[in-house]
Structure formats: C-alpha cells, structure tokens
Amino acid sequence: MQLFERKSEFRSALITWYLREKRDLPWRRTDNPYYIWVSEVMLQQTRVDTVIPYYERFIEKFPSLADLAVAKEEDVLKMWEGLGYYSRVKNLQSGVREVVEKYGSEIPKNRKEISKLKGVGPYTAGAVLSIAFGVPEHAVDGNVMRVLSRLLLIEDDIAIPRNRKIFEEVVMELIDEKDPSSFNQALMELGATICTPKPRCLLCPVRDFCHAFHEGRQEKLPVKSKKTKVKTIPLTAFAVRNSEGKWLMKQRPSTGLLADMWEFPMIEITGTAKPEEILKLNIGIKLKSIDPLIQFKHVFSHLIWEVEAYLALTKDGAPVGYSFFSATEVDALPKAVPVLKIWDQLKKTEKNTKG
DNA sequence: TATGCGTGGGG
DNA sequence: TCCCCAAGCAT
C-alpha cells in the first residue's frame, strides 16, 4: 500500500518482474526507432498475436524509413490488408515522409515535435520516446488505465477521453527515470497478461501495492461506461463478370470507412425491388444473368453490414467510376475483409464450376 | 469533445 | 450468440 510513498520499491518490483517474464516479441528484439514506431501503430487497438505476422512482413517489405517513404500507397495498403483501421498506415507513411523530408530521417526525440507527425497521438508519442529513445514520457493505453485504476483505486470513467490525463499525470509521478522503456512496457505487459479484465491477482508482482486488491474490488475496476448498440445496414453486392472474364470493381473514397480499399459494386437496400433492378437503376449496368453467391454479416466497431452477394454476368462496359480487372489483378488490389469474403467465395465457386 | 474508424479472439 | 474487448488517432 501507500504506492507513492514506496515508489522505488514499486518500480523495482514491477521492472524486475517485467525483465524476467516479458514475452519475446519481434519489436522487442530491435532498437531501431522506425521499427518501434511501426509496431506501435500496428498495435493500436489490435492484439499482439494478430500484429506479429503483419509486423514481420511489413518490416521485410519496407526495411527503412526511406523504403516506406518512397513506396506506392497501394503497395503499403496491400501489406495492411486485413489488419483494419486502414488510415493508420496512410498516416504512418505521411509521418515517415515528413521525418525523411523535414527531419533528415531522424525521428524527433521530444513530445512536442514527434506529436506533430501524422498518426502519432499522445500514446504513440510516449511509447516511441520512451522505448526507442529512453525519454521519461508517459505512454497511457487501455492497459495502463486498467492497471492504475486498480493500483490507486481511481474511479474516473476511462471511457471519457478527458480522463486520460489523470492517468498520464500518475505515470509521470511514478515513472522510473533510469529505465522509462521498461517501466512503461511493464505496466502494459502487466495489463496484458496479469491485470487483465478478469485479473489474476495471485500472480501479480505488485499486488502488495494495489489498493483495489487490498479492498477486494479489483473486479469492479476500471469504471468504463457502456457503448450503445450499432446500426445494421443491409447491402446487396454484385460480383459482375464481363465476357472477357474480368471483374467490375471500384476504389472507395480516400477518407471514411475502409478508405482507399477496393470493392465490388454494393448498394444499400432501401425498398423491395429486385437486386438486378436496383443495380441497373443505381449503377446503370444491364445483367445477362444473376445468381445468389453468399450471404454474411460483417461487424464493424460502429456498424454492421448485412451483405447479400450475387454473381452476375454482363456485356456492358464499365460505368463511370468503375473498371474491369482480371482475376490476377483483383488478387493484387487491397481489399477489406467483407470484400475478401465475397472474393474467396467467388474463387471457390469458379473452381467447382470448372470441375 | 464525441464520434468514426476494423478485425478476430475469448468468456 | 452476444458482448467485450486490444499497445488510439483524426476530426
């Protein structure tokens, strides 16, 4: 107890545990600040196990700031395919280009400057500064808020953005100036492995310091208000093939949902008209035939797509905004998961039809 | 400041 | 099946 009065004892217990128990992760095997940066962006709202293969491939494809800076955006998006939150990687490339052009390829080593880079917010700034450069700065993520809310019995709602600064101030009080990298990572590692939503306090290296454990309230913390239910959007999608065996696709707008990713024609269902009528009306293309292909639900964080996909044939040319692509070309385009679901089903169907 | 932005894993 | 989440940021 009395965490602040026993600061150095707390740091020691936390960091000793971390150095002994930390997971062997790819980005913990490097001191390259660019690699640390890439890993932190990938890890935003994304699980470690999901990130690992993406990180390995990304670093192999773009081994340096310069490589990523000169890469084509479509190649960069392709490496991010399936990882989600696609504007992260567009912002990362913008930030990297800025470092190359304005900072002589040296990532800024203070919060004020590094925070100006695209995609670098309060957490990522602190994480890169502390882990890559040993700067004693806070890096407060969901893990850290959960851990500290229990250690110090902080009952402020962590779902409210402005409350994050409460935790940032606590970290700046507690942080080990000698090893801020280990200190910050230890808090996160503890949250990821021990001080989880269902905490495993018997394994905790700092439970003696924990006010919530002392009062048996660890299960009740952190306080986090619930989100409201999301809206369902019914969509009809069309995989349209022309007489040359090419597929009709378009690129989504460069902002908003699934920015810059490629997709088949899709129409939000409003009335009760037949799918082919809807397609003709909305996109202006006539179909020779149409068959059901696949139905599925895709759940985003803030909405749900209820997709009904059809396989259709046409003799028409591509409408404005659309182009036809060969199967090989479609494979190469960056596509989000719902589109991949349709494309995978399509390839299965084609194979069976041939056989 | 509140909301939009993905995906897949686990209880 | 449903709900919660997981190393947040931009606008």
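Within every chain, numbering begins at 1; the chains are lettered A, B, ... in the order of the sequence lines, protein sequences first and strands thereafter. We use all heavy atoms of the structure for the numbers below, so side chains are in, but hydrogens, waters and symmetry mates are not.
The nearest whole Å value for the distance from the CG atom in A/L303 to the C1' atom in B/dG4 is 9 Å. Atom CH2 in A/W80 sits roughly 18 Å away from atom P in B/dC5 (whole-Å rounding). Atom OH in A/Y55 sits about 23 Å away from atom P in C/dA6, given to the nearest Å. The CD1 atom of A/I160 sits 18 Å away from the P atom of C/dG8 (whole-angstrom rounding). Atom P of nucleotide C/dT1 and atom CD of A/E306 are separated by 13 Å, given to the nearest angstrom. We find that NZ of A/K90 is positioned 18 Å from P of C/dC9, with the value rounded to whole Å. C/dC5 atom P lies 19 Å from atom CG of A/L43, rounded to whole Å. Whole-Å rounding puts the A/K116 NZ to C/dA10 C1' distance at 18 Å.
Across all strands, A/R23 comes closer than 4.0 Å to base atoms (heavy-atom distances). Looking at heavy-atom distances under 4.0 Å, A/T124 makes contact with sugar-phosphate atoms alone, never a base. Heavy atoms of A/V144 sit nowhere under 4.0 angstrom from any nucleic acid atom.
Of the options A/I290, A/T314, A/L311, a side chain to side chain contact (heavy atoms under 4.5 Å, CB included) to A/V240 is made by A/T314 and by none of the others. With respect to A/E155, the salt bridge (Lys or Arg N to Asp or Glu O under 4.0 Å) criterion is satisfied by exactly one of A/K224, A/R217, A/R150: A/R217.
Put simply, A/K224 has a side-chain N or O that comes within less than 4.0 Å of OP1 or OP2 on C/dC5.
Rounded to a whole angstrom, the distance from the P atom of C/dC9 to that of B/dT1 is 16 Å. Here, B/dT3 and C/dA6 have their P atoms 22 Å apart, quoted to the whole Å.
To the nearest 0.5 Å, the span separating CD on A/E329 from CE on A/M249 amounts to 11.0 Å. With rounding to the nearest 0.5 Å, the separation of CD1 in A/I36 from CZ in A/R28 is 10.0 Å.
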Original post:
When every nucleotide of nucleotides 6-11 of chain B is labelled 5' to 3' by its protein contacts under 4.0 Å (heavy atoms), B for base, S for sugar-phosphate only, - for none, what sequence of letters results?
Top reply: BBB---
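In this structure, the side chain of A/R252 does not engage the main chain of A/M261 through any donor-acceptor pair within 3.5 Å. Between the A/E81 side chain and the A/K335 main chain, a donor and an acceptor come within less than 3.5 Å of each other.
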**OP:** Would you please test A/F264 and A/F238 for ring pair (Phe, Tyr, Trp, His ring centres under 6.0 Å) and show each step?
**Re:** CA-CA 6 Å; A/F264 298 109; A/F238 300 89; over 10 Å; no
**OP:** Walk me through it: do A/W305 and A/F300 pass the test ring pair (Phe, Tyr, Trp, His ring centres under 6.0 Å)?
**Re:** CA-CA 8 Å; A/W305 279 2; A/F300 297 89; 5.1 Å; yes
**OP:** Assess whether ring pair (Phe, Tyr, Trp, His ring centres under 6.0 Å) is satisfied between A/W27 and A/Y55, documenting all intermediate values.
**Re:** CA-CA 8 Å; A/W27 45 90; A/Y55 172 84; 5.3 Å; yes
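Take the nearest nucleotide of DNA chain C for A/N91 and for A/P197: the residue whose nucleotide is more 5' is A/P197.
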**OP:** Kindly express the pairing pattern of DNA chain C in dot-bracket notation, using | wherever a base pairs with another strand and counting only Watson-Crick or G-U pairs under 3.5 Å.
**Re:** .|||||.||||
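Between A/F325 and A/W262, the ring planes lie perpendicular to each other; the angle is over 60°, past the 30° to 60° tilted range.
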